[in-house]
Amino acid sequence: MDSKYAVLGKENNKKNSNGIKVKRIKLCVENPSKLNGNHVAIQQVADQRDIKETFVEDLRETRKSLPVYAVRNRLLEEIKKNNTMILIGETGSGKTTQVPQLIHEQRLEGSGSIAVTQPRRVAAITLAMRVAAEMNTEIGSIVGYCVRFEDVTSVRTKVKYLTDGMMLREAVADPLLKRYSFIILDEAHERTVNTDVLFGIVKLAQKERNEKKLLPLKVIIMSATMDVDSFKNYYDECPVIYLEGRAHPVTIYHTKMKHEDYQYAALCTIFQLHTTSPANHDFLVFLTGQEEIETLMSNIKQIAKESSGPLIRVCPLYAGLPAAKQLQVWKKTPPGMRKIVLATNIAEASVTIPQIKCVIDTGFVKERTWCTSTGAERLRVGPCSQAAAWQRAGRAGRTARGAAYRLYTETDFGARKPHNVPEIVRCPLASTILLLIASGFEPLTFPLIDPPPEESVKASLLLLKELGAIENEANPKLTVLGKKMTAFPIDPKYAKILLSAPEFDCLDEALSLVAVLSSENVFHMPIHKREEALKVKQKFVSTLGDHITLLNVFKAFCKAPLKKQWCKENYLNHKNLSYAFDVRQQLLAICQRLNMTVTSCGAALDQLLKCLLSGLFTNCAWLRSVVGGARYATGSGAAAGLHPAGVLHSLRPAPPALLYTELLHTRRPYLVTVSVIQPQWLHQVAPDYARRCRATRTCPESIFKPTDT
DNA sequence: GAGCACTGC
């Protein structure tokens, strides 16, 4: 196989192998009811994630072996000296667990506390547990975490791990973040919308606290390799400190020739390596989506029957896969059997699979982009960035030396963009802008490292105005309604639906529906059992459309006594439905705090659909043609068909007017999650918007006819 | 005729 690949060595640091003792430790909460927050669900989380009992190496020894430990004194000096610094360290440097402890050991936080933000909740929880164990303290006391649905902190908490979304929520109540003396923004290289906004919030808070002679705020930006120059520039040339990693060396191979078909190239490479590598070398293949993974999986199984080499176990891994099936990935294979994991970029950062010796990187990724003028989102397969490729390669060096096979040439690699495009420049911004306004910031001048396109900001401000959240776009001030909308941790359109629901006597149903819409797809359609899954789905289907169908599913789920079993029988995703259940609880609590009356519309489902329209009025589509399948035009003038997974796809005759949740361009533009509406409703529910549509001729004149049926 | 990944008082 060597002939096919050119070697580009990337030697990292020496392996660190000291005799590590293993002991079992137990994590517990001393008295959950004493802690603040509405639900302390440590037990529940532990059960869910199997981290109630964790194997942890001899903690003290491990700490000392971390690269960050060796430079701790120098690091502390820098932390004392600078108000802002950037800390670059590869996986395994120990920065995220050790730096907060170093600060706390010296009591540098004084009367304030130390916040460490994470893009993912699981990371925030496990890091807090890990650090609490290292400090030999109960989780929720000195060390705690705060994520959606769970606040495991107390007045004594000095080191707090939280999601960046949670930190943003705190900034609404207190833009100066006065309770913290240190804010550590971790995983900065991921450039999520929330982290990007936090960069600005801490920068402004730091400045203002300084001017007002309040407790100073120290900021530490932590990251793996990243675009240091733009960060340094943004933070007024603050110092940058580099930490050694502790990953094992990974040898990188590029192909010498360009491949036309990366899926075929992946298949060839897998079997080339399979026949030459020892059986205990597990493979990780990066692909772009579920369909690709399933196709490659059946191809591998087919070829494996006639191939020499060890036995193979193929494990798919993508976010939509039910949790029970994801677990296969972590199950050890018997001796003499090779594990081949076929994953989307979920395996790039969110999930770590041990024992991977060999990474096969197709070099492609599925990316979501947003069109500001039509509101359409597009899923497009394209080349991944250099940073993503390094991240993927690094997955082969977690436990021992490994290799990464890139299915593209070195020239191709060099021509790629060095970093991922920050999310904030390519996603809808209404909820972010609403949050900024609620925190007292000026959305048009708020300092961002990479400002989003102006038309994107303007489109979001227009939407907020039409939803009634702000008075006008030029001088965005929250209305009474807008203020209430900020209380909900959901898309402003959905918040509007809930806030209008009492008017339509359907808050009970609206809560359930918004909760389900805020979650991922609840239907699970395995490729081989599609017929059966579709048959089972029929019992939930409403001819009014997908929304009522989803409501039927959710209601049945709530009533089912054995939920996991019930979901399995009905081809539904238990994880996503449970999530929706939790979201509903949370939204209900907020509604009750706002003194909203929860009533049910019963069989009058028209009421519920009108209510949906009060938030989603910009998402109307009108039938334009029925030749070769129904074609619709949206209020913004985009043309789209019905998504084949929806219940209205096969309904005849095609409804003249629809309400859609999402306009998504995959192979073609599709309206996803749609319901039938009466054309006149738009004028009744959103008269201003309807008039604007009439002026731009994007809706039919029939919506202004006074009759209603 | 078919959906990348995260997240939220």
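Chain A is the first sequence line, chain B the second, and so forth, proteins listed ahead of strands; every chain is numbered from 1.
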Exercise for review: Pick base, sugar-phosphate or nothing for A:Val672, based on heavy-atom distances below 4.0 Å to the nucleic acid.
Suggested key: base

Point to revise | Salt bridge flag under 4.0 Å for residues A:Arg530 and A:Glu294 | key: no

Point to revise | Touch class at under 4.0 angstrom, heavy-atom based, for A:Arg191 against every strand present | key: nothing

Point to revise | Within 45° cone and under 6.0 Å: A:Arg406 NZ/CZ vs A:Trp390 ring | key: yes

Practice item. Would you indicate which nucleotide in B:dA5, B:dC9, B:dA2 comes nearest to any side-chain atom of A:Met166? Key: B:dC9

Revision key, fill the gap. Rounded to whole Å, CD1 of A:Ile346 lies from C1' of B:dG3 at a distance of 14 Å

Check your understanding: Of A:Arg368 and A:Pro492, whose nearest nucleotide on DNA chain B comes first from the 5' end?
Key -> A:Arg368

Exercise for review: For A:Gly320 and for A:Tyr579, locate the closest nucleotide of DNA chain B by heavy-atom distance; then report the residue assigned to the nucleotide nearer the 5' terminus.
Suggested key: A:Gly320

Practice item. Hey, can you tell me if A:Phe554 and A:Phe581 have their rings parallel, tilted or perpendicular (30° and 60° cut-offs)? Key: tilted

Review point. Taking side chain as C-beta onward, heavy atoms only, is A:Pro476 less than 4.5 Å from A:Leu464?
Key: no

Check your understanding: Do A:Arg416's NZ or CZ and the ring of A:Tyr408 fall within the cation-pi criteria of under 6.0 Å and 45°?
Key -> yes

Check your understanding: Taking only side-chain nitrogens and oxygens of A:Thr344, does any of them come within less than 4.0 Å of OP1 or OP2 of B:dA5?
Key -> yes

Check your understanding: Which part of the nucleic acid, if any, lies within contact of A:Arg120, taking any heavy atom under 4.0 Å across all strands shown: a base, the sugar-phosphate backbone alone, or nothing?
Key -> sugar-phosphate

Study note, to complete from the structure: Closest of B:dG3, B:dG1, B:dC9 to the A:Leu379 side chain is B:dG3

Check your understanding: At under 4.0 Å between heavy atoms, what does A:Leu168 touch on the DNA or RNA strands: base, sugar-phosphate, or nothing?
Key -> nothing

Point to revise | Spacing between A:Leu436 atom CG and B:dG8 atom C1', to the nearest angstrom | key: 14 Å

Exercise for review: Let me know the distance between CG of A:Leu198 and C1' of B:dG8, rounded to the nearest Å.
Suggested key: 12 Å

Point to revise | Pairing of A:Lys496 and A:Asp491 as salt bridge, 4.0 angstrom limit | key: no

Revision key, fill the gap. To the nearest angstrom, the CD-C1' distance between A:Glu520 and B:dT7 comes to 10 Å

**Study point:** N or O in side chain of A:Thr666 less than 4.0 angstrom from B:dG3 OP1/OP2
**Key:** yes

Review point. What nucleotide among B:dC9, B:dT7, B:dG3 has an atom nearest to a side-chain atom of A:Gln586?
Key: B:dC9

Practice item. Among the candidates B:dG3, B:dG8, B:dC9, find the nucleotide nearest to the side-chain atoms of A:Arg667. Key: B:dG3

Review point. Tell me: CD of A:Glu367 to P of B:dG3, nearest whole Å?
Key: 17 Å

Practice item. Grab the CZ-P distance between A:Arg148 and B:dT7 for me, whole Å please. Key: 11 Å

Check your understanding: Taking atom C1' of B:dT7 as reference, at what distance in whole Å does atom CD1 of A:Ile125 sit?
Key -> 13 Å

Check your understanding: Hey, is the side chain of A:Ser350 poking within less than 4.0 Å of OP1 or OP2 on B:dA5, counting only N and O atoms?
Key -> no

Study note, to complete from the structure: Out of B:dA5, B:dG1, B:dC9, minimum distance to the side chain of A:Glu423 belongs to B:dA5

Point to revise | Minimum-distance nucleotide to A:His643 side chain [options: B:dA5, B:dA2, B:dG8] | key: B:dA2

Check your understanding: Any idea which of B:dC6, B:dG8, B:dA2 is nearest the A:Arg121 side chain?
Key -> B:dG8

Point to revise | Whole-Å gap separating P (B:dG8) and CG (A:Leu434) | key: 17 Å

Check your understanding: Under 4.0 Å between a side-chain N/O of A:Tyr318 and OP1 or OP2 of B:dA5, yes or no?
Key -> no

